[in-house]
Amino acid sequence: MGNIRVRFAPSPTGYLHVGGIRTALFNWLFSKSRGGKFILRIEDTDIQRSTREFEAMMISALKWCKIEWDEGPDIGGEFGPYRQSERVKKGIYEKFTDRLIGEKKAYYSIYARDNPQKELFRTYKKEEASSRLHVIKFAVPQGSTVVKDLAKGDVRFDNHEIEDFIIVKSNGYPTYNLAVVIDDATMKITHVIRGEDHLSNTPKQILLYEALNLTLPVFMHIPLILGPDRTPLSKRHGGTSVQYFKSEGILPDALMNHLALLGWGAPKEIFHIKDIISSFNPNRISNKGVIFDYDKLRWINEKHMRTMDIDELFDYFKRWIVEEKIPFSDAVRSDEEYAKEVLDIARQKVSTLKELVVFIPYFFDENYEFTQEFRNKYITKEFARTYLELAHKRFKALDTWDMMRIKDEVEKICRAPDISKKQFIQTLRGALTGRLITPGLYETMSIMGKKRVLRRINRCLEEI
RNA sequence: GGCCCCAUCGGAUAGUGGUGAGUCCAUCUGGUUCUCAGCCAGAAAACCGGGGUUCGACUCCCCGUGGGGCUACCA
């Protein structure tokens, strides 16, 4: 089969969005499943819009997603440099365009400086062009071009449909169509897996491969990710960048799971991408545009949060709350054992870290508020004081403090005829947390510890 | 406009020339638990339209319709 080499080649002109990361993921999955190499290349030939900041953000987004590359601008590699702007400086593209012009397969198109719209004349002579405003255009030959696509089959294009196109801009930079071809060829890319939006440009690229006598890679164009209205997913539809999902408290494992599942007949719903590498088969990727389903992502995230190793989740959680500047992050760091236990019971109740963080602040703040609902429904009732006092007395008397013991005690108290189990439990829950919706009461009490529980009951009693 | 791609419940998919068209998310009903979440049980919900081919088409072909892409000195 030879050595499989695939690449992800983003343009650093904005945030990395889910569509981009999905093609990166499929490329990565493909290379890993075939024991190949995954290359990261930065396509920054649009000098107006490309920035190093965006590049850095893309790299960190990719790393956050745990997509790792074997060669790239940050780590180098045999076929570097991996930034097109640097390849321009090395004269890599020029060598090829000189050849094309020499063979009259491309020409200089000279423009008027005072009217850059107007083509003055064409020439093959460098001397004539160099002092004037010019671009290099590829001379599209007669005939037709067939794209052999792994997903679409053979797609035929009539060359008449394709105009001579610019391959080198007037600023000397190659255009996309030229740069991809030369880079993919010189980097020995064997499979080009990319978004469907590139399909129509592929014949141009094939023409270039043929003119330059380079070996064609295998192409595969995968459908785009759409918003609910079936237009390409964009900011209008909500957050789309990897950063957005990160700050929403989505786990990278869940995002990857969802993206992998989207438009792919995966063998199961919940998985870790590392575990599906061997079963990855690009032929199973659906051929139609797919709508990004935020609800399903939440569900997948929930599953990952609940089943993932607690230490791993906790490590991630600690970093996340600092980055998101969550008020109680200091408290978490000051008592990690406690915080980890809180995380462990609370994760069963929420779907994202963002939800988690609004669900549990009272665990870390002794001045938690009593919600209005708790006040109306319970604090104002007669049984509140009586039973909270009783609870305090009974809990104080306990010599051991574990869940079973607590449960027994609570249930004993509930047997009283003038209060229902629900009433008592909700009163106690409210006293300890200020709220009526929390993790399980027994777990909560057990984790909070006897001292804290007694203190909190007292604090509530003062409010009554 | 021209060229190209695509089309199964609301979303994602499974599926075969003959099926009660299956599954997951979401929705709705019940059940269970200390709240919530979950879990369990159930319901509703689809083959874009029209022509062919065929004994028979969701499936194969053509035409429409709809959606998307390309047609940039953006990638």
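In the text below, chain A, chain B and the rest are named by the order of the sequence lines, each starting its count at 1. Keep in mind that what you see is a predicted model, and the values were worked out from it rather than measured. Computation of the quantities below employed the complete heavy-atom set of this structure, encompassing side-chain atoms and omitting hydrogens, waters and symmetry-equivalent molecules.
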Integer angstrom distance from the [atom1] of [N] to that of [M]:
| N | M | atom1 | value |
| --- | --- | --- | --- |
| B:rC70 | B:rU27 | P | 35 Å |
| B:rG38 | B:rC6 | P | 39 Å |
| B:rU65 | B:rG49 | P | 15 Å |
| B:rG31 | B:rA14 | C1' | 30 Å |
| B:rA57 | B:rG15 | C1' | 14 Å |
| B:rC5 | B:rG64 | P | 14 Å |
| B:rC34 | B:rU29 | P | 23 Å |
| B:rC48 | B:rC40 | C1' | 37 Å |

Hey, can you tell me if [X] and [Y] have their rings parallel, tilted or perpendicular (30° and 60° cut-offs)?
| X | Y | answer |
| --- | --- | --- |
| A:Tyr108 | A:His134 | perpendicular |
| A:Phe245 | A:Phe292 | tilted |
| A:Phe271 | A:Trp264 | perpendicular |

Scan [X] against the nucleic acid and name what it touches under 4.0 Å (heavy atoms): base, sugar-phosphate only, or nothing.
| X | value |
| --- | --- |
| A:Arg194 | nothing |
| A:Val290 | sugar-phosphate |
| A:Lys204 | sugar-phosphate |
| A:His198 | base |
| A:Ser351 | nothing |
| A:Asn201 | base |

Spatial distance of atom CD1 (A:Ile167) from atom CD1 (A:Ile182) [nearest 0.5 Å]: 7.5 Å
Pairwise distance OG1(A:Thr202) to NZ(A:Lys152) - rounded to 0.5 angstrom: 11.0 Å
Residue pair A:Glu355, A:Lys349: steps toward the salt bridge (Lys or Arg N to Asp or Glu O under 4.0 Å) verdict: CA-CA 9 Å; A:Glu355 285 176 25; A:Lys349 307 286 179 174; over 6 Å; no
Length of the [atom1]-[atom2] vector between [X] and [N], whole Å:
| X | N | atom1 | atom2 | value |
| --- | --- | --- | --- | --- |
| A:Ile300 | B:rA26 | CD1 | C1' | 13 Å |
| A:Ile222 | B:rU13 | CD1 | C1' | 17 Å |
| A:His258 | B:rU13 | NE2 | C1' | 12 Å |
| A:Gln117 | B:rC73 | CD | P | 9 Å |
| A:Tyr176 | B:rU71 | OH | C1' | 15 Å |
| A:Lys288 | B:rA7 | NZ | P | 8 Å |
| A:Ile225 | B:rA12 | CD1 | C1' | 12 Å |
| A:Ile182 | B:rA75 | CD1 | P | 14 Å |

Nearest-nucleotide comparison on RNA chain B, the residue closer to the 5′ end among A:Leu224 and A:Gly289: A:Gly289
Closest-nucleotide 5' rank along RNA chain B - winner of A:Gly263 and A:Arg230: A:Gly263
Does the gap between the ring centers of [X] and [Y] come in under 6.0 Å?
| X | Y | result |
| --- | --- | --- |
| A:Phe383 | A:Tyr387 | no |
| A:His198 | A:Tyr176 | yes |
| A:Phe328 | A:Phe363 | no |

Worked verdict on A:Arg83 versus A:Glu55 for salt bridge (Lys or Arg N to Asp or Glu O under 4.0 Å): CA-CA 10 Å; A:Arg83 228 175 247 118; A:Glu55 180 190 311; 2.8 Å; yes
Salt-bridge contact A:Asp183-A:Arg7 (side-chain N to carboxylate O under 4.0 Å): no
A:Arg122 with A:Glu119: basic N within carboxylate O range, under 4.0 Å: yes
Could you check which of [options] has an atom nearest any side-chain atom of [X]?
| X | options | value |
| --- | --- | --- |
| A:Asp295 | B:rA75, B:rC25, B:rA14 | B:rC25 |
| A:Ile291 | B:rC25, B:rA12, B:rC5 | B:rA12 |
| A:Glu269 | B:rC5, B:rC24, B:rA75 | B:rC24 |

Heavy-atom side-chain proximity of A:Leu428 to A:Met445 below 4.5 angstrom: yes
Student check: side-chain heavy atoms of A:Met256 and A:Leu259 closer than 4.5 Å: yes
Reading 5' to 3' through nucleotides 30-39 of chain B, protein heavy-atom contacts under 4.0 Å coded B for base, S for sugar-phosphate only, - for none: ----BBBBSS
For RNA chain B, which residues in [range] have a heavy atom at a distance below 4.0 Å?
| range | answer |
| --- | --- |
| residues 90-97 of chain A | none |
| residues 163-174 of chain A | A:Ile166, A:Lys169, A:Ser170 |
| residues 6-16 of chain A | A:Ser11 |

Pair listing, side-chain hydrogen bond (donor to acceptor under 3.5 Å, both in side chains) test, anchored in residues 163-173 of chain A, at least two apart: A:Tyr107-A:Asp164
Over 12 non-hydrogen atoms of neighbours within 6.0 angstrom of CD in A:Glu389: yes
A:Asn287 vs B:rA7: side-chain N/O to OP1/OP2 distance below 4.0 Å: no
A:Tyr368 six-ring face occupied by A:Arg459 cation (under 6.0 Å, within 45°): yes
Steps toward salt bridge (Lys or Arg N to Asp or Glu O under 4.0 Å) verdict (A:Asp44, A:Arg49): CA-CA 8 Å; A:Asp44 56 351; A:Arg49 298 194 302 147; over 6 Å; no
Side-chain donor-acceptor pair present, A:His304, A:Asn257, cut-off under 3.5 Å: yes
Pair assignment for RNA chain B - dot-bracket with | for other-strand partners, Watson-Crick or G-U under 3.5 Å: (((((((..((((....[...)))).((((((.....))))))....(((((..]....))))))))))))....
Side chain A:Lys152 and base B:rC6 donor-acceptor under 3.5 Å: no
